[in-house]
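A short worksheet on the structure shown next.
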Amino acid sequence: MEHTTSLTQFIIEEQRRIPGATGDFTSLLNDVLTSCKKIACAVNRGPLIGLQGSADTENVQGETQKKLDIITNDIMVQSLEWTGHLAGMASEEMEELLPIPEAYPKGKYLILFDPLDGSSNIDINVSVGTIFSILRAPEGCENPTLEDFLQPGTEQVCAGYTIYGPTTMMVFTSGHGVNGFTLDRNIGEFVLTHPNLTIPEDTEEFAINMSNQRFWEAPVKRYIDECLAGSEGPRGKDFNMRWVAAMVAEVHRILMRGGIFMYPMDEKMRARGLTGKLRLMYEANPMSFIVEQAGGASSTGRERIMEIAPQGLHQRVPVILGSKNEVERVVSYHAEA
Ligand code: AHG
Ligand code: MN
Ligand code: MN
């Protein structure tokens, strides 16, 4: 039988390379992957067990929640609250941060997550995902405050996502590159299938919601216009376009074959008092950590996303990430404007 490396083995071996590591982080990551396996099951069985459709409730962002938004959030909370590795949690689907219940021991980490990313894809059977970001809690902290969570992305200990597509995959970084694992349902384990993922520096593929074109700012308009002009335009080459409407799927594609993903600031959002579409703490920061670790770049167009000093748990930011040379080009167009 061919030898394979499971995610569990991979993280234990990674731990052995860190002098003084207690195994706490390894254990936390194991609990996260267990919760993602449970979510994979729920997402997979969907309509068979009545899990499609709207829950007719709204989250703190004023978005209508899908039944699976709530169920996957519950799965994350229930799988992680008892473990003793966390001091607190925060989620897209919970207005306030969630302290660990009195009954359980407190740990030294904080986790933030988007339990189901791209949830509008659920009812049409297209890829969705889970995104997580792990931070260190302040020394000896048992009851974390909001300030304890509001650390810049550069402070992340680990970031990852699971994509529930034709196969279920987990991709993560703890600051030593990016590795991808595929869920082998026969043995119930994630197996290392995509070691040392890197993003090509150049690309001919962009992802942006074109229906917002008339609301974009000038630098983004210029960049996309030049891509669309193709081989006859200033870029001198043709571009391809994709839009899955799930950031997890867009980032995954970029890790597999390069590309640039943008959810930029626009006039429509500005008019509604929004500072972007995607959320800094549990979408933009973890994805930026992964992308940078794979050799890509991530910016709002004006600053590196991971250096933003967060103002709130649900803060929104413009996101431009992916192949380095393309992201740098968009950033330079912002600087020139
Ligand atoms: P969520 O389902 O967690 O609210 O996130 C959806 C996000 C993101 O994943 C995706 O890139 C974007 O919203 C899609 O936006 P449009 O509906 O404008 O295409
Ligand atoms: Mn999301
Ligand atoms: Mn979500």
Side-chain angles (χ1 to χ4, degrees), residues 35-36 39 42-43 46 51-55 57-77 89-95 111-133 159-165 171 206-216 220 224 241-255 259-269 272 274-288 290-291 298 300 305 313-322:
S35 57
C36 290
I39 293 175
V43 165
L51 291 188
Q52 280 195 323
S54 168
T57 50
E58 270 191 5
N59 67 12
V60 58
Q61 353 246 343
E63 298 163 338
T64 307
Q65 292 173 302
K66 298 278 178 191
K67 284 180 197 161
L68 271 168
D69 282 320
I70 298 171
I71 288 162
T72 54
N73 190 68
D74 289 350
I75 290 174
M76 292 294 282
V77 170
M89 300 184 227
S91 160
E92 178 186 348
E93 306 304 338
M94 302 188 290
E95 180 162 4
I111 192 166
L112 299 102
F113 48 84
D114 175 353
L116 196 60
D117 175 63
S119 56
S120 71
N121 282 355
I122 275 291
D123 294 347
I124 55 169
N125 200 9
V126 173
S127 293
V128 289
T130 299
I131 311 173
F132 62 92
S133 165
Y161 66 79
T162 306
I163 179 166
Y164 314 104
V171 172
F206 65 88
I208 192 164
N209 186 337
M210 287 294 294
S211 71
N212 295 322
Q213 188 172 28
R214 69 188 187 282
F215 304 111
W216 295 338
V220 172
I224 297 296
M241 196 205 88
R242 287 288 183 273
W243 187 252
V244 190
M247 189 194 201
V248 164
E250 319 281 3
V251 168
H252 192 69
R253 184 185 60 252
I254 289 170
L255 281 166
I260 180 168
F261 165 85
M262 298 196 262
Y263 216 119
M265 188 57 195
D266 69 35
E267 285 311 320
K268 195 169 63 175
M269 291 193 270
R272 290 172 57 203
L274 298 175
T275 51
K277 160 97 178 183
L278 298 169
R279 280 60 53 109
L280 174 64
M281 300 302 288
Y282 41 81
E283 290 177 324
N285 267 342
M287 291 313 210
S288 299
I290 293 168
V291 165
S298 178
T300 63
I305 286 181
L313 274 186
H314 303 286
Q315 178 178 353
R316 294 173 190 261
V317 289
V319 174
I320 298 162
L321 59 75

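Position 1 is the first residue of the sequence; numbering continues from there. As the structure lists them, so they are numbered: ligands from 1, and atoms in each ligand from 1. No hydrogens, no waters, no symmetry mates; every other heavy atom, side chains included, goes into these values.
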Is the side chain of [X] donor-acceptor paired with the backbone N or O of [Y] at a distance under 3.5 Å, no angle test?
X	Y	answer
H314	E95	yes
E250	A245	yes
N121	S127	yes

Non-hydrogen side-chain atoms of [X] and [Y] separated by less than 4.5 Å:
X	Y	answer
V291	F261	no
D114	V248	no
M210	W216	yes
S91	M76	no
N73	F113	yes

*Of V251, I131, L278, the residue whose pairing with D117 passes side-chain contact (heavy atoms from CB on, under 4.5 Å)*: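 With D117 as partner, side-chain contact (heavy atoms from CB on, under 4.5 Å) holds for just one option, I131.
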*So which protein N/O/S atoms does the Mn ion (ligand 3) have within less than 2.8 Å?*
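Those protein N, O or S atoms (cut-off: under 2.8 Å from the Mn ion (ligand 3)) are E92 OE1, D114 OD1, L116 O.
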State the atoms of ligand 1, each with its element, that fall below the 4.0 Å cut-off from a heavy-atom position in [X].
X	answer
S119	2 (O)
D114	3 (O)
L116	2 (O), 3 (O)

Residue and atom name of the nearest protein heavy atom (relative to [atom]), distance in Å to one decimal:
atom	result
atom 1 (P) of ligand 1	G118 N, 3.6 Å
atom 19 (O) of ligand 1	W243 NE1, 2.9 Å
atom 7 (C) of ligand 1	L278 CD2, 3.7 Å
atom 11 (O) of ligand 1	M247 N, 3.5 Å
atom 13 (O) of ligand 1	K277 CE, 3.2 Å
atom 18 (O) of ligand 1	Y263 OH, 2.4 Å

List the atom of [X], the atom of [Y], and the distance in Å for their closest heavy-atom pair.
X	Y	answer
I290	G160	CD1-CA, 3.7 Å
N59	E92	ND2-OE2, 3.8 Å
A55	I70	CB-CD1, 3.5 Å

Within the structure, is a non-hydrogen atom of [X] found at a distance of less than 4.0 Å from ligand 1?
X	value
V244	no
E283	yes
R279	yes

Heavy-atom distances under 4.0 Å decide this one: backbone, side chain, both or neither, for [X] against ligand 1?
X	value
K66	neither
D117	both
E92	side chain
A246	backbone

*Looking at K277 and D266, does any basic side-chain N land under 4.0 Å from a carboxylate oxygen?*
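So K277 does not pair with D266 through a salt bridge.
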*Do ligand 1 and N209 have nitrogen or oxygen atoms that lie under 3.5 Å from each other?*
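Right, the criterion is met.
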*Do any nitrogen or oxygen atoms of N212 lie less than 3.5 angstrom from nitrogen or oxygen atoms of ligand 1?*
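For ligand 1, there is no N or O atom that lies under 3.5 Å from one belonging to N212.
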*asked:* If I consider every N, O or S atom in E283, which one ends up closest to the Mn ion (ligand 2)? I only need its name.
replied: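 Going through the N, O and S atoms of E283 one by one, OE2 ends up nearest to the Mn ion (ligand 2).
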*How far does CG of D74 sit from OG of S35, to the nearest 0.5 angstrom?*
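Answer rounded to 0.5 Å: 12.5 Å.
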*Would you please indicate if the ring centroids of W243 and F206 are separated by under 6.0 Å?*
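Distance test on ring centres: not under 6.0 Å, no.
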